[in-house]
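Pasting a structure here, questions to come.
Proteins get letters first, then strands, A, B, ... in listed order; numbering begins at 1 in each. The shown structure was predicted, so the numbers you read here are calculated from the model rather than taken from an experiment.
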2 protein chains.
Amino acid sequence: MAESTKSPRPGEGSGEALSALLAWDVNQPMCPSRLILEHVTSRWGVLVLAALLERSYRFSELRRAVGGVSEKMLAQTLRTLERDGFVDRDAKPVIPPRVDYSLTPLGIEAAEQVWALARWTERRVDAVRAAREAYDGARA
Amino acid sequence: MAESTKSPRPGEGSGEALSALLAWDVNQPMCPSRLILEHVTSRWGVLVLAALLERSYRFSELRRAVGGVSEKMLAQTLRTLERDGFVDRDAKPVIPPRVDYSLTPLGIEAAEQVWALARWTERRVDAVRAAREAYDGARA
DNA sequence: CAGCATCCGTGGCGATACTG
DNA sequence: CAGTATCGCCACGGATGCTG
């Protein structure tokens, strides 16, 4: 458990790289990287990016794919992600309207990060459940 | 940039693995993996995990390291992460009280995912800013 | 120092209704 | 179908005060 033995070893000096993210003076325009991070890690942002990594979706299709998202939040999430340059919105001038959403190259990069996290989460569900039971049991 | 050339290429069939996360019937105990994901990607959860990956921290020390976090939210975040088995809380019975927080092996895994995402975000800040200016400019 | 309890405002978010 | 607009709730989260 001592060493992580993983890819980008976050050893000495790695904290430096996140200094802009971690250290931040309140009452200030808010550090840009935090805003981006909050968009990407937002409740629906994560799931939308993960879904779009698989393939492109139409609006309602995406709404059905991501269980529990309201129409409003999906639209809002998509607009935010589009503005940040992660999502490409392709509105075809036909009737009935057809709008396809897909990831930009930048969005693919973001989605891959998020996707790895999501995958990891699903793999570790049991470990977390065990930890919770231990935690809850310890204070009963 | 066309191909991702990164670690776990999320090609065909990768969506299957996230089916439990994406597809979820509302009015139900809420899928476990989503809960975990929301803890990890929560506003302060991300930053706390990233900070603790560098080294262990005492409470106030961590509060100072993570700019903008309130005492309440830090305590709450730490308790959630502890319960999920990500954070180890070491309360030393001394006066004045001293409590050290560090990552468990499971927490290190989580933090590495989150850390990679945070790093990526900082690297792409400029690309996102450019995208936003393009987006905002297009509708003016 | 560590952190729980309480109060309370803001806004995130869902539900509903309406438009192109 | 693909959204916008509006209303209203409640819970996220900050500020303050108290305890061990």
Spacing of A:L78 atom CG relative to C:dC13 atom P, expressed in whole Å: 14 Å
Below 4.0 Å: OP1/OP2 of D:dA2 and any side-chain N or O of A:R58: yes
Length of the line joining B:L74:CG and C:dG3:P, which is rounded to integer Å: 9 Å
Distance test, side-chain N/O of A:R79 to OP1/OP2 of D:dT4, below 4.0 Å: yes
Contact letters for nucleotides 11-20 of chain D, in which S counts primed atoms plus P, OP1 and OP2 and B counts the base, heavy atoms under 4.0 Å: --BBB-B--B
Phosphate-side-chain proximity, B:Y57 and C:dA2, N/O vs OP1/OP2 below 4.0 Å: no
Side-chain (A:T104) to main-chain (A:G85) donor-acceptor, under 3.5 angstrom: yes
Heavy-atom closest pair, residues B:Y57 and B:A65: CE2-CB, 3.8 Å
Atom pair distance, as rounded to whole Å: CZ in A:F59 and C1' in C:dT19: 15 Å
Check: B:V48 and B:Y101 side chains under 4.5 Å, non-hydrogen atoms: no
Bend angle of the helix from C:dC1-D:dG20 to C:dG20-D:dC1, end axes from five pairs each (to 10°): 50°
Electrostatic pair B:R83-A:E133, nearest N-O below 4.0 angstrom: no
salt_bridge(A:D100, A:R98) N-O dist < 4.0 Å: yes
Side chain to side chain, A:F86 and A:L52, heavy atoms closer than 4.5 Å: no
Sugar-phosphate only, base, or nothing, as touched by B:R89 at under 4.0 Å among non-hydrogen atoms: sugar-phosphate
Euclidean distance, atom CG of residue A:D90 to atom P of D:dA2 [Å, nearest integer]: 12 Å
Side-chain donor or acceptor of B:R34 paired with backbone N/O of B:L22 under 3.5 Å: yes
Rounded distance (Å) that lies between atom P of C:dG20 and atom NZ of A:K92: 24 Å
Length of the line joining A:Y101:OH and D:dA2:C1', which is rounded to integer Å: 7 Å
Within residues 71-82 of chain A or reaching into it, pairs that qualify as side-chain hydrogen bond (donor to acceptor under 3.5 Å, both in side chains) - sequence neighbours excluded: none
Heavy-atom side-chain proximity of A:D90 to A:V99 below 4.5 angstrom: no
